[in-house]
Structures are given as C-alpha cells and as structure tokens.
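These notes concern the structure reproduced below.
Proteins come first, then strands; the chains are lettered A, B, ... in the order of their sequence lines, and each starts at number 1.
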Amino acid sequence: MKSRLSPFVLSMLIFGFAFLYLPIFSMIVYSFNASRMVTVWDSVHSPTLAWYLELFGNDEILEAAQLSFRIAAVSATGAVILATLAAFALVRYRRFRWRGLFGVLTTAPMVLPEVITGLSLLLLFVALEQWTGWPPGRGAATITIAHVTFCMAYAIVVIQARLATVDRSLEEAAMDLGARPWKVFMVITLPLILPAIASAWMLSFILSWDDIVITSFVSGPGSTTLPQLVFSKVRLGVSPDINALATILVGLVSVCVAVAGAVMMRTERRRLRDAQIATGAH
Amino acid sequence: MLGCGFADRGFPVNHRAFSGRWPRLRAELGRRSVIGLPFGWLLLFFAVPFLIVLKISVSNAVLAMPPVAPVLIWGHDRILQIHVQFSNYAFVLADRLYVAAFINSLRVAAVTTLLTLLIGYPMAYGISRTPGVWRNVLFMFVALPFFTSFLLRVYAWIGLLGRSGPVNGLLLHLGLIHEPIQLLQTDFAVYLGMVYSYLPFMVLPLYASIEKLDLTLLEAAADLGCRPTRAFFAITLPLTREGIFAGCLLVFIPAVGEYVIPALMGGPDTLMIGRVVWDEFFANRDWPVASALAIVLLVILSGFVFLLQKVQAQAEEAG
C-alpha cells in the first residue's frame, strides 16, 4: 500500500482514538488519587493504593465478582457448545426445515434491545414457574440461561466464519478411511476450528461478565452480579474504589486481548509460511 | 465424488460405513440433534418468550404475584373464557408521554448513528490504509473498548463531566466559562455517552468492508484524472455500503432501546423508551403496559429493519 494517509483521515484517526481512550486513562489515573472526591486530584497524598486495598477488603464486591465469574464461565461454555452445533447446522446442512426461522433466531439476539430480551425472558421464567414449578424463583440459574441465549448469537458468528473456510478434503479423506462422523469431527474438524471456539468462548465470557440490563430482569434477591453492584453504586454517586476496580478489569482484558492477538498473528504467520512451503514443493 | 446422496448431510458419507440400517439411522439421529439442540434452545428461550410478552400485553393488571390476570379462564359452567383486552395498547399509543418517549428514542438513536458513522468511517478508512503490523494493532485498539466493561466506560465519563471534573476544570482554565456548568444529566451527556459506547460497533463492520475494497479501482480512477474526493464518492462509498448498512443496523437498533446511558447520564426529563419500559416494569409493576410498550418497540424496529433491507436490495440492484 503506497498511498499515504491524508491529513484529514490522520486527524480523525487521532481524534477517534483519543475519544475512545482518554476516559479510560483518566479512570486509571484517578484510581491512584487519594482524595475521596473522585474528580479532584489530591497532589499531597497521591499516588496511593488505598482504593485497591479497600477493594480487596470489600466482601460485597468480592462475592459479586465471584458470582459473575462463575456465571460467565458456565454461560460461555454452554453458549459455545450450542453455537458450535448451530454453526455446523448452518454451514454444513444447507437445507433443512425452518432454516429461515433458525437463521433469524440465531442473529436477532445480537441487535434486539436488551430491555426487550430481558423482559421477555423474565416473563417466560415466571410462566414456567407457574406451570411446572421450575425454575424455583430467580437467581444464578436463570441468569445463566439468559446469558447462554444472547452469547450464543455472537459465538455462532465467530465459529460459523471459521467453519466456512475449513478445507473439507481432510474430512473426506478420513471418511474414506472408514472413520465415523463423530470421530471425524473430534479428530479433524474440531482441532481446525479450535481457535475460533476459543475466541468465541472469550467473547461470550466477556459479554456475560459485563451484562447489566438482561441480568437485572432475570436475577433474584441474593444473586447480585458485579455489574449490578457497580450500577447501584454509580447511581448513588461516584465512588473512588470503582476507579480501582475498573483499572484492574481494563488491565486484565488488555492482557487477554493482547495474548489472543499475538497468538492469532503467530498462527497467521505460520499458515502463510506453510502455504509458501506447500507451493514451493509443487 | 463422494457422498452423492448425502451431500447436504454435513459430512461426505462413506457408503461402506453406512450400508446398514442402523448406522444410517444413527447418522440421521446425529443430524437431528445437531440442528435440534440449538434450535430447541432458541425456540424455548428466545421465540416462546415473545409469545408470552404478547399474551401479557393483552391481559389485565392485578395486585398479585405475578401482577397479571390470566387470559384463559375455566368458568364455573366449564366454558373456556378468553379475557383479552387491547386497552393497554390504546393507553400506550394515546398517552403523550409514551409517544414522546418513542419519538425521542428514535431521534437520539438516529443522531447517534449519524455521528458514529461520521467519526467511524474516517477511522475505519484510516485503519485499513495503515501499513503492516500497525493495522492489526490499531484494529485491536478499536476492539479493546468493546471488550472492556460498558458500564465502567460510561462511569468514566460521569467522572470527567462532573461539576468539579476535569472537563469543567479545563474550560475554566481556558477562560471559556466563568463558573462550572452542568454537563451531566443533560441531553448532551446522553449523546456523548451513546456515541462513545456505540462507536466500536460502527467501526468494526466498516473496517471489514473497507479492507476488502479493491485498491486498483482507485488507482485506475486517479490515472484517468479523477480527483480523490470524487473517487471517494463515486467508488469507495458505494462499494463499502454493505459495511455502512451493517454498522447502522448494529448501532441504531440497540440504541433505540438503550437503558443504561440515559439512566446514568441523562436528566430526569430525558425520556427514552428503554427507560420507560424499565420503570413501568420495576417501579410501577405494570407488566401489561411494559409488555405492550415492548411489543410496539419491536414492531417499530422490525419495520425499520425491513425498510433497511429493502433499501439495501434496491441499492444492490442499481449498483
């Protein structure tokens, strides 16, 4: 690519990234601020780790974080299993009955306003409880079901894209040698789409970990997730320990994304090299 | 070629392995469960709930738990009575407050979509024109806010925009204002929060479609004496409209129903439909009205998606 960026595009790029990142940086800086007033910098006692210490002494936050973590891990796993099946159905079984409806159902949860999804799921849980006695009240189980449902849509997009590019001649060869479909899937297809499954899991985990609106609808007393706790704290007014919490979370996510990016770049490079070797051998 | 009869069954089928009756049945069972499991899940937890919302929206509110009167009742004379009433819809559509909330939500979402497009397009264009490794790095920096907590990013702005916050401090320092101004709990704050939160949703699909653009077309246009601005409007923009449509859809639809940003950054008079549904449900415990509002919102959004698809199809035919 020889064309240089025009001054307009370059300045928009700088402006856009500044817009995206200045608030995050300010949060990180203020997390070391000694003043209880969140937005006033106390230059005498700062920087301090007081808010971090307070955070780790706060049982309420730790408990909520634990619950969120458990829900996110289970939801991401469930969503990825269902999404793999769904992606397989969409890519490989091109035609089946109600495919149109299936297509709509797999994409709609991504765009639908969360208020509608949350409301409809809660009404379903209430109706189910009336008719069958299950689920008994609302809590971690109903939150997990709701999260699996909306994370699945995102996971399908990621896995479907990878599955569509898988070279089928390997599967055909294995079939030819007498392997059963299940074995072919486990030995050949699954390893090939594993990177996509891993990134779908990560994406689902983060979406579940982050969700506030749907969770508020389907959660019950005694099951407060971390975003719910943060939301109620923020509503009551800004408190500085949230800055510390945000800094930790941003740090964790950055590390995850950086690692995922590095792994992706390396596999891409290896693939390119393999392709070069393959064409060189011909 | 392998698998002639079963070509659409996922795997190419080895006829030796599938000569018996049982293996064939097993293959069919496998296929059924691969489709059936996710399909069943989505039907139960995504499609059926809408039918229930529809049902609740035509029932009476009562003081009970759940606060809704049943639609189907077995009368004493063993006659099934159906209690349906559309007064919730009449109420919602006639009330000035609700109508204003709908209109305001659509306006906020439309302005947000436009602003994210105006900021996002040059960004996506710039990223796709950045050479080598830097392009991947910039792409990751767009995706990163997408992965960091939405709530915490909104919270960051609350800190920045406060009366004694850095933004007011900077404006005072520059002498643009003489006393701190109210930035939070204004419509300005809502727009800012919306554009900020939804920007990555616009940039990512735009980037995907701009990156695919065939650059030789632009070179050919330049060789033939076409000015860059004209080439942009004649070539780049039409060829990337798929990304524009996708980005607008991903921003506009969720933005109409947004709850968190107006609740945290908007004032008490910032009427948005997501917030109204929430308040009807949690504060007033009026489930039928909340359901009716959700259904009306759903109808409006479906109409919008339908319209957008039609415009897209037309553009495809024309181009």
ask   = Considering residues at least two apart in sequence or located in another chain, which fulfil the ring-ring contact (aromatic ring centres under 6.0 Å, His included) criterion with B/F150?
value = none
query = For the candidates B/G126, B/P49, B/G36, B/A263, which exhibits the highest count of non-hydrogen atom pairs separated by less than 4.5 Å from chain A?
reply = B/P49
ask   = Of the backbone (N, CA, C, O) and the side chain (C-beta and beyond), which part of A/M202 lies under 4.5 Å from a heavy atom of chain B, both, or neither?
value = neither
note = One option among B/L301, B/L298, B/V48 has the most heavy-atom pairs under 4.5 Å with chain A, and it is B/L298
ask   = Does A/I24 reach the side chain of B/R153, with side-chain heavy atoms less than 4.5 Å apart?
value = yes
ask   = Just wondering, do A/F8 and B/Y125 contact through their side chains at under 4.5 Å, heavy atoms?
value = no
message = Report which part of B/L293 has an atom under 4.5 Å of a heavy atom belonging to chain A: side chain, backbone, both, or neither.
response = neither
key: Expected output: side-chain B/Y155 to main-chain A/V234 donor-acceptor under 3.5 Å   = no
query = Under a 4.5 Å heavy-atom cut-off, does chain A meet the side chain of B/Y121, its backbone, both or neither?
reply = neither
request  = Sorted by first residue and then second, give each side-chain hydrogen bond (donor to acceptor under 3.5 Å, both in side chains) pair with at least one member in residues 136-151 of chain B; sequence neighbours left out.
outcome  = A/D210-B/S149
ask   = Hey, would you say the A/F150 and B/F46 ring centroids sit under 6.0 Å apart?
value = no
note = Under 4.5 Å to a heavy atom of chain B? For A/T84 that would be neither
task = May I ask you to test the A/L112-B/F50 pair for a side-chain heavy-atom distance under 4.5 Å?
result = yes
ask   = Looking at CZ of B/R32 and CZ of A/F96, how far apart are the two atoms once the value is rounded to the nearest 0.5 Å?
value = 12.5 Å
B/L138, part contacting chain A, at a heavy-atom distance under 4.5 Å = both
task = Pick one of side chain, backbone, both or neither for B/L264, based on which atoms fall under 4.5 Å of a heavy atom in chain A.
result = side chain
key: Best-contacting candidate, A/L10, A/V91, A/T117, A/V111, against chain B by heavy atom pairs under 4.5 angstrom   = A/V111
request  = Output the distance between atom CG (A/L123) and atom CD1 (B/I52), rounded to the nearest 0.5 Å.
outcome  = 7.0 Å
request  = Indicate yes or no: at least one non-hydrogen side-chain atom of A/L119 is less than 4.5 angstrom from one of B/E280.
outcome  = no
remark   = If you tally heavy-atom pairs under 4.5 Å between each of B/I273, B/V34, B/V133 and chain A, the highest tally belongs to B/V34
inquiry  = Below 4.5 Å, heavy-atom pairs only: which of B/Y259, B/F252, B/F141, B/W157 has the largest tally toward chain A?
reply    = B/F141
message = Among A/L85, A/T106, A/L90, exactly one meets side chain to side chain contact (heavy atoms under 4.5 Å, CB included) together with B/P38. Which residue is that?
response = A/L85
ask   = Testing B/L151, B/I158, B/L152 for side chain to side chain contact (heavy atoms under 4.5 Å, CB included) with A/I242, which one passes?
value = B/L152
task = Go through the steps to decide whether B/W41 and A/I145 satisfy the test side chain to side chain contact (heavy atoms under 4.5 Å, CB included), and finish with yes or no.
result = CA-CA 10 Å; B/W41 180 283; A/I145 291 176; 4.0 Å; yes
query = Between B/L192 and chain A, which part of the residue has a heavy atom less than 4.5 Å away: side chain, backbone, both or neither?
reply = both
inquiry  = Please verify the inter-ring angle class for B/F282 with A/F217; under 30° counts as parallel, over 60° as perpendicular, anything in between as tilted.
reply    = tilted
ask   = Can you tell if the side chain of A/F15 reaches within under 4.5 Å of the side chain of B/M123, non-hydrogen atoms only?
value = no
ask   = What part of A/S26 lies closer than 4.5 angstrom to a heavy atom of chain B: side chain, backbone, both or neither?
value = side chain
Nearest atoms (heavy-atom pairs only) where B/I253 meets A/P113 = O-CG, 3.6 Å
request  = Rounded to the nearest 0.5 Å, what's the gap from CG on B/L43 to CG on A/L101? Could you check?
outcome  = 6.0 Å
ask   = With only heavy atoms counted, which part of A/I156 is less than 4.5 Å from chain B, the side chain, the backbone, both or neither?
value = neither
query = Under a 4.5 Å heavy-atom cut-off, does chain A meet the side chain of B/V142, its backbone, both or neither?
reply = both
key: Under 4.5 Å from any heavy atom of chain A - which part of B/I35   = both
inquiry  = Report which part of A/W98 has an atom under 4.5 Å of a heavy atom belonging to chain B: side chain, backbone, both, or neither.
reply    = both
